[in-house]
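Only one structure is covered here, and it is reproduced in the block below.
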Amino acid sequence: MNIPVRLGVLISGGGTNLQAIMDACAHGVLKSSAVVAAVVSNRPDAFGLERARRAGIPALYADTKKFTSRTEYYASILSELSGHGVDMVCLAGYLLKIESNMIDAFAGRMVNIHPGLLPRFGGPGMYGSHVHQAVLDARETVSGATVHFVDGEYDNGPIIMQGKVPVLPGDTLEILAGRVLAVEHAIYPAAILQVIQGLAHR
Ligand code: GRF
């Protein structure tokens, strides 16, 4: 039997995707393939930190103001992740840009989820409700979510998995966001499993 891959999850907010990953590790598609080893937030009030603590997972608030550069900030996070034996990083509603020292340390082992069908509706400023508003404004009939590897550009790395949902007449931003979020929760654990299986064959 393989040793479970140790995930480090970076968040900025509510952490429903983190919850989906923790649930999948406990009793879903990631059971015996992965464990969440540490959760890091750039915001002290991110509810995802509380979700992690309730599950007995180390949860850390990393305050950017304590560091003079983003490179130092990520060096500190890297050291924390290393202390928890993290093998792979999952960004789950994490809103800060990742610096090259962090990207290099987890090349091919860092993934992100985006609430739109990349390569459209991505890039700087395209996060959360901005994505859904742009989809509605463009009168798209299909939206969805994308899990992709992280590189130095926003929402740019190779795509691992996508899930689609319809955009229905009368959809509000909130309704569409909720429909997309449900597909995020389904595809993120599945995409992580796919990456883990790929790592095992490298
Ligand atoms: C999700 O829509 C995710 O795609 C985006 O931010 C949102 C985070 O939601 N990057 P949550 O914190 O996982 O609930």
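Atoms within a ligand are numbered from 1 in the order they appear, just like the ligands themselves.
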- I113 to ligand 1, any heavy atom closer than 4.0 Å: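 The answer is yes, since I113 has a heavy atom less than 4.0 Å from ligand 1.
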
Please write down residue, atom name and distance for the protein heavy atom closest to [atom].
{"atom": "atom 2 (O) of ligand 1", "value": "E184 OE2, 2.9 Å"}
{"atom": "atom 11 (P) of ligand 1", "value": "T16 N, 3.4 Å"}
{"atom": "atom 9 (O) of ligand 1", "value": "N17 ND2, 3.9 Å"}
{"atom": "atom 12 (O) of ligand 1", "value": "G15 N, 2.8 Å"}

- Task: Measure the spacing between CG of N42 and CG of L60 and express it to the nearest 0.5 Å.
- Result: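 Spacing of CG (N42) from CG (L60) equals 11.0 Å.
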
- Task: Please determine, by modelled atom types, if S143 and H132 share a side-chain donor-acceptor pair under 3.5 angstrom.
- Result: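 No, because no side-chain N or O of S143 sits under 3.5 Å from a partner of the opposite role on H132.
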
- Any side-chain heavy-atom pair of F149 and V195 under 4.5 Å: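 Heavy-atom side-chain distance check passes, below 4.5 Å.
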
- Who gets closest to atom 5 (C) of ligand 1 by heavy atom: A145, G93, S129?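 Minimum heavy-atom distance to atom 5 (C) of ligand 1 goes to G93.
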
- Message: Heavy-atom count check: over 12 atoms from other residues, nucleotides or ligands less than 6.0 Å from R43 CZ?
- Response: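 Counting neighbours around CZ of R43, 12 or fewer heavy atoms of other residues, nucleotides or ligands fall under 6.0 Å, so no.
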
- Task: Answer yes or no: are there more than 12 heavy-atom neighbours, outside K97 itself, under 6.0 Å from its atom NZ?
- Result: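 Yes.
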
